[in-house]
Amino acid sequence: HVNPVIDIIKNLKVAEDRKIWINVDGLHQTELIESLGQVFGVHPLVLEDILDTTQRPKTESYDDYIYITIRTMFYERLENAVDSDQISIILGNNFILSFQEMETDLFKKIRQRMERPAGNIRKKGVDYLTYSLIDSIVDNYYLLLEDIGEEIERLEDELIKEPAPATLQSIHELKREMIILRRSLWPLREIIASLQRDESGLIRESTGIYLRDLYDHSIQVIETVETYREMLSGMLDLYISTVSNRMNEVMKVLTIIATIFIPLTFIAGIYGMNFEYMPELKWEWGYPAVMIFMATISVIMLYYFKKKTWL
Amino acid sequence: HVNPVIDIIKNLKVAEDRKIWINVDGLHQTELIESLGQVFGVHPLVLEDILDTTQRPKTESYDDYIYITIRTMFYERLENAVDSDQISIILGNNFILSFQEMETDLFKKIRQRMERPAGNIRKKGVDYLTYSLIDSIVDNYYLLLEDIGEEIERLEDELIKEPAPATLQSIHELKREMIILRRSLWPLREIIASLQRDESGLIRESTGIYLRDLYDHSIQVIETVETYREMLSGMLDLYISTVSNRMNEVMKVLTIIATIFIPLTFIAGIYGMNFEYMPELKWEWGYPAVMIFMATISVIMLYYFKKKTWL
Amino acid sequence: HVNPVIDIIKNLKVAEDRKIWINVDGLHQTELIESLGQVFGVHPLVLEDILDTTQRPKTESYDDYIYITIRTMFYERLENAVDSDQISIILGNNFILSFQEMETDLFKKIRQRMERPAGNIRKKGVDYLTYSLIDSIVDNYYLLLEDIGEEIERLEDELIKEPAPATLQSIHELKREMIILRRSLWPLREIIASLQRDESGLIRESTGIYLRDLYDHSIQVIETVETYREMLSGMLDLYISTVSNRMNEVMKVLTIIATIFIPLTFIAGIYGMNFEYMPELKWEWGYPAVMIFMATISVIMLYYFKKKTWL
Amino acid sequence: HVNPVIDIIKNLKVAEDRKIWINVDGLHQTELIESLGQVFGVHPLVLEDILDTTQRPKTESYDDYIYITIRTMFYERLENAVDSDQISIILGNNFILSFQEMETDLFKKIRQRMERPAGNIRKKGVDYLTYSLIDSIVDNYYLLLEDIGEEIERLEDELIKEPAPATLQSIHELKREMIILRRSLWPLREIIASLQRDESGLIRESTGIYLRDLYDHSIQVIETVETYREMLSGMLDLYISTVSNRMNEVMKVLTIIATIFIPLTFIAGIYGMNFEYMPELKWEWGYPAVMIFMATISVIMLYYFKKKTWL
Amino acid sequence: HVNPVIDIIKNLKVAEDRKIWINVDGLHQTELIESLGQVFGVHPLVLEDILDTTQRPKTESYDDYIYITIRTMFYERLENAVDSDQISIILGNNFILSFQEMETDLFKKIRQRMERPAGNIRKKGVDYLTYSLIDSIVDNYYLLLEDIGEEIERLEDELIKEPAPATLQSIHELKREMIILRRSLWPLREIIASLQRDESGLIRESTGIYLRDLYDHSIQVIETVETYREMLSGMLDLYISTVSNRMNEVMKVLTIIATIFIPLTFIAGIYGMNFEYMPELKWEWGYPAVMIFMATISVIMLYYFKKKTWL
């Protein structure tokens, strides 16, 4: 069932001045991908890398094409987790092959812009299209970080108002997501930088200015991730300090209650003893005297706590 | 309503040896800004960047102008927060365009110096004026850091005298502000460094010596921020240690009280039992003997605590 | 008993266009290894390094061979520890000598691929074989990290459900293994990079593309180790916070119980005193009145705890 | 009142082969400093920098002189704080101008060495004198660090013997001083390095060997500061651990006492109840039986604590 | 008394093709050292550095000799401290001067190897001897780290089995020793690297291969120190967590005992009150009913603790 598609592509390729963009959603169609590779002369090692979805983002220059593999990420707010999707792009002289692990809306806007006949994007060549594809991936990171930023703000509010173990768990999870995000963003920056320095001639100078802009965006995304990481670390520290503070407060209440009543209970215990010869028990004013003595002790204790600023 | 302004500018521009500085306060007048861009031949990407107020500070060289975008910051002491304002500068051959997100007093002094006919600043050209604009932004950081420095000192005093959870909260907030400050200061330093290395010819050698000075100032600002960060981290550690110390003290008081009175209460409890055959209860000296025994235990306990330096 | 083996090798070496791979399992046969060294003209310092199993992974270029020493690692899940095994490779013009500290299955697959007469590996020369050997070592690290990744996930689950001191111990042990792993992985990356830059002519250009792939894999392994380290650090922090949380909870229960019952016990103690003149004791409603008073105090206390969100 | 001094200096300057060193103590004589600047042709920006005592240490090359500004520090043991003093040096072809913020003994020894007619220092020229001035500043750092080293040792002893909150406060203060010290030492090293690389011809090759030595000293000073910082961080950690340990010990004492006596008090409370039908109370051996029972419980408890190594 | 020694040395020096190694143990013989300096034409600054035993390890190239100063260290297990000893080496064209702060066995083996007439070391020249001297210093670091490694293992065992404050103290001390070790090892590596790059011609190419080996060893020593530091940091964290865990356990025992017995004691206290009108006291089944009620409360409490996994 692959052949007819491949045949059409072969025919398209014959017309030399045509520019072709082929996008493959889903990597299960290995046969189709291999045929595509053969038609466009892609090295078997590259095809292997495209099909292996645990690739580190990277770019590799070959004789007549550039191979780029990037990771795009989606934030699942309910699970407080980040999902990722590998996207591979092969930029040739007048063709682009793009491979997505899953079917997403990522390139939808680009497709819409290309359908308009007067679209700028149609005129600007395959290197500009490559830029547009990577740009839409970087934009997706912006959206992702905006969502995470909102979540961080929500957690920060929670932390100040009423910190719960679940807050701690969420901060910890977000921090781990930041580690994962960073791990795929640093190579992304390297990829864009290496496209800027490209010497193969596949990327024209006029596209360079857009790549410089893209590079700035990728740095901004990385800096945001680093800022979030530091903020989350600060929040963890604050959480621990807050728990420590609360424990201190709990301890103070316990200590105040215990320190006032334990001595008083002891005094009551003394006059609860059953010795036959306890003269105080027979005094008419014994009971009120003991009560006043106890009240005095309480007042002294409370004054002592007041001075220690425990109250 | 824009046209008359633009027409005047066009007329000014015709006279080639004139130097023009146009400052736009507020970025809502997009139409005006676009017209300005057309008059001075600014790339559409640059105009987009000027209108987007979430830009990372950066500088970009174009064929006949340099585009600079910087962030200036204001410290709101009441909210213990830092507000920021994006400023874009376009330095051409004999013109400067500056765009401010909000109307501020930042360039007021420069305007006053320019109004004086004998002013040095009028003679020195647009590159010197660019230096002056950036210099006033860096000076503003100095003021900001002075305010924050005072706040840090106040918090440090509070920390030693009477640490409260609110102190912790303030330290945490200031630390976060430092992260944000740093994030806009590092690129500022890069911007000044890249202006120093400028090869476009738009910045004359005589301005270089001022830029070197400015570069030193930017480093000093960054180092101050780093120092403040370390100081705030140290204060957080101190806070936690102090809370820990206080808890220790609270625990000691509780333990001393409990350890002395719990055994005594037990002894009183023994002689409060109602057994018929308890010979001690009948002894004439039973009561004073028990009291002396209790006093002895207390003294031994207090001596033990003294030896352990808990008192 | 060594001579016959050495003689065969000498004979093989005479035929100049033959490619030889000799693998030595176990380093106790020092005599054999020295003879091999003499036959292939290996420097005595290199032979010393091969026999010393505490070498840091490194590569050294000599006039007509490259000496590589790497460390492969095995994860013992039961002991939660990582064992290591030193592998030395000498790549000459048309020979490879490999030395393993212990007999392992590491090169089994390569041997199987070589036994097949049509095997690709037989045609590609000794530099490709060197790549294959190192590749199998790097692949082994992948397996190791997968095992450790599973263990980390198991510990994370344990941490959330029911953290025990044993969990802490395991996290600590894994973190230490990460330090050891990293220590042998960073030089491994350097080795591959220096093979890529090789100028001796022993590594052909066609093998370079495979080394680039291998280099990417080595970076990915290192990044995984770094990610695991950060995750384990995060888990340690979470453990401490969780223990702190639990202690807080324990303290609250103690404080609530003590704060409610210590004052009540004191009141009961008062009416347990044996004074002759205590009018309350004679009142008919004394007992129920005291009971109601006690209940009131309890309710007030519980309301206070509710307000403090301790309940 | 300035003129006569300036006139003398002018006259001195006429004699071309004379070498002049002018040292100004205190920066309040702005008029004198400005006159000096005019006589020796110093740039107004440099004069401004000399008078601004919050300068970051730096060196700047001008056409015919080098401007150096350094910070010297003094340790006030009583206040446990570090005071600083800005020193500016202008090295010309055959003159040195030095400016000190306050009058100190720093250059006293150099002055004494210069007064001796046979002094080596008189022959070696103004670049060697500049070296001597900076050397005396670096030597002053050695003295400062020796004082701080002694203070650290004293605090470490205190920490082991009897840690008090004041110890914590002192460690924290010293750590902050280290941050400040480091901030002025790193640029000092840069200054010496840039003097070594000097291309203006004002520093002769024969002085280079002394600057190399000075550079080594500056590195040693920086490393000492870094070592002290790490030691102080370690001491803070140790302090927290020690406090934690002590709290643990306090808790154990409380728990042992409470765990033994609370159950015993309960048993005593039982037989203190006033029920009419309590057969035990009438038994002849009831009292001793209860006492033996209580002793048994105590022994069991103590054995349990022994086994848990709490005793 | 120095002269005769110096005379012999002078005579030896006349014979140009002789190689001389002079080793001075102890730096108190300043007169001898100065005479030696004069005979071999050593710069006065170098002699000063040799006599100053607080030098940072470094190497300096002079016109016809290389000056090297290194620090060797000895681990005193009893005091858990590291002692250090400064060693200076001057490598000339055909002579080596070595100066040791104290008399040690460090160079004993080299002396023995040189006494054997057929010794390899005698033939290989003074640069190889320099290598041998530094090699014996690096080997000494290996021994030192082996001792420390054993101590770390011992402490780790102690930490798991029975952590005591003394364990904490030892870990802290070892960590500080690591800071000191590192401080002298980093420059050692630099020294060896700079000897490898030597351009003076004093170090022949044939010695380069040995220096490369030595460089690897120095890196391995540094990495071991870094690994130990990280392990010790991990152990400190583990210690704090363990203490925290134990405190948690102590708190649980206290809370369980207090939470069960405080309410029971309160109930006993109620029926110990002396009100005249307490109907329960007259009931025949009052006493057993209260006992059963108390038992029920205990069982409920124990079940609650079981559910909370506190038991």
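In what follows, chains are A, B, ... by sequence order, proteins preceding strands, each numbered from 1.
The most heavy-atom pairs under 4.5 Å with chain A, out of B:H43, B:R183, B:R176, come from B:R183. Ranked by heavy-atom pairs under 4.5 Å with chain B, the list A:G269, A:S241, A:P263 is led by A:P263. Of the listed residues (B:V290, B:I262, B:T54, B:L254), the one with the most heavy-atom contacts under 4.5 Å to chain A is B:L254. Your options are B:Y62, B:Y271, B:Y239, B:Y287, and the one with the most heavy-atom pairs under 4.5 Å with chain A is B:Y287. Per-residue counts of heavy-atom pairs under 4.5 Å with chain A were compared for B:L168, B:I270, B:D49, B:I267; the largest is that of B:L168. Between chain B and the options A:T265, A:D216, A:N248, the largest number of non-hydrogen pairs under 4.5 Å is found for A:N248. Note: A:R212 leads A:E276, A:M235, A:R212 in heavy-atom pairs under 4.5 Å with chain B. Note on B:E60, B:M291, B:Q55: by heavy-atom pairs under 4.5 Å with chain A, the leading option is B:E60. In terms of heavy-atom pairs under 4.5 Å with chain A, the best-connected choice from B:I256, B:I179, B:N274 is B:I179.
At distances below 3.5 Å, not a single donor-acceptor pair connects side-chain atoms of A:T207 with backbone N or O atoms of A:I203. A side-chain donor-acceptor contact under 3.5 Å links B:Y228 to the backbone of B:L145. With hydrogens and angles disregarded, no donor-acceptor distance shorter than 3.5 Å links the side chain of A:N245 to the backbone of B:P165. Judged by distance alone, with hydrogens and angles left aside, the side-chain atoms of A:Y277 form no donor-acceptor pair with the main-chain N or O of B:P288 at under 3.5 Å.
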Worksheet item: What's the verdict on side-chain hydrogen bond (donor to acceptor under 3.5 Å, both in side chains) for A:T167 and A:E158, showing C-alpha distance, side-chain angles and the deciding distance?
Response: CA-CA 7 Å; A:T167 321; A:E158 213 174 285; 2.8 Å; yes
Practice prompt. Kindly indicate, with the supporting measurements, whether the criterion side-chain hydrogen bond (donor to acceptor under 3.5 Å, both in side chains) is fulfilled by B:R189 and B:S218.
Written response: CA-CA 6 Å; B:R189 198 189 68 157; B:S218 72; 5.8 Å; no
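Screening B:I66, B:L91, B:D64 for a side-chain contact (heavy atoms from CB on, under 4.5 Å) with B:S200, the sole residue that qualifies is B:I66.
Checked by atom type, the side-chain pair A:Q220/B:R56 shows no donor-acceptor distance below 3.5 Å. A donor and an acceptor atom, one from each side chain of A:Y131 and A:S136, are nowhere located under 3.5 Å apart. Inspection of the A:Y303 and A:K308 side chains reveals no N or O donor paired with an N or O acceptor under 3.5 Å.
Within the 4.5 angstrom heavy-atom criterion, no atom of A:S233 approaches chain B. For A:I160, the part lying under 4.5 angstrom from a heavy atom of chain B is the side chain only. At a 4.5 Å heavy-atom cutoff, the contact between B:M294 and chain A is made by side-chain atoms alone. At a 4.5 Å heavy-atom cutoff, A:E249 makes no contact with chain B through either its backbone or its side chain. Neither the backbone nor the side chain of A:E226 comes within contact range of chain B; no heavy atoms are under 4.5 Å apart. For chain A, no part of B:W285 is nearby; none of its heavy atoms comes within less than 4.5 Å. Interface remark: B:K282 contributes backbone and side-chain atoms alike to the contact with chain A (heavy atom separation under 4.5 Å). When heavy atoms are compared at a cutoff of 4.5 Å, A:Y142 does not approach chain B at all.
Under the 4.0 Å criterion applied to side-chain N and carboxylate O atoms, B:R229 and A:E230 are assigned as salt-bridge partners.
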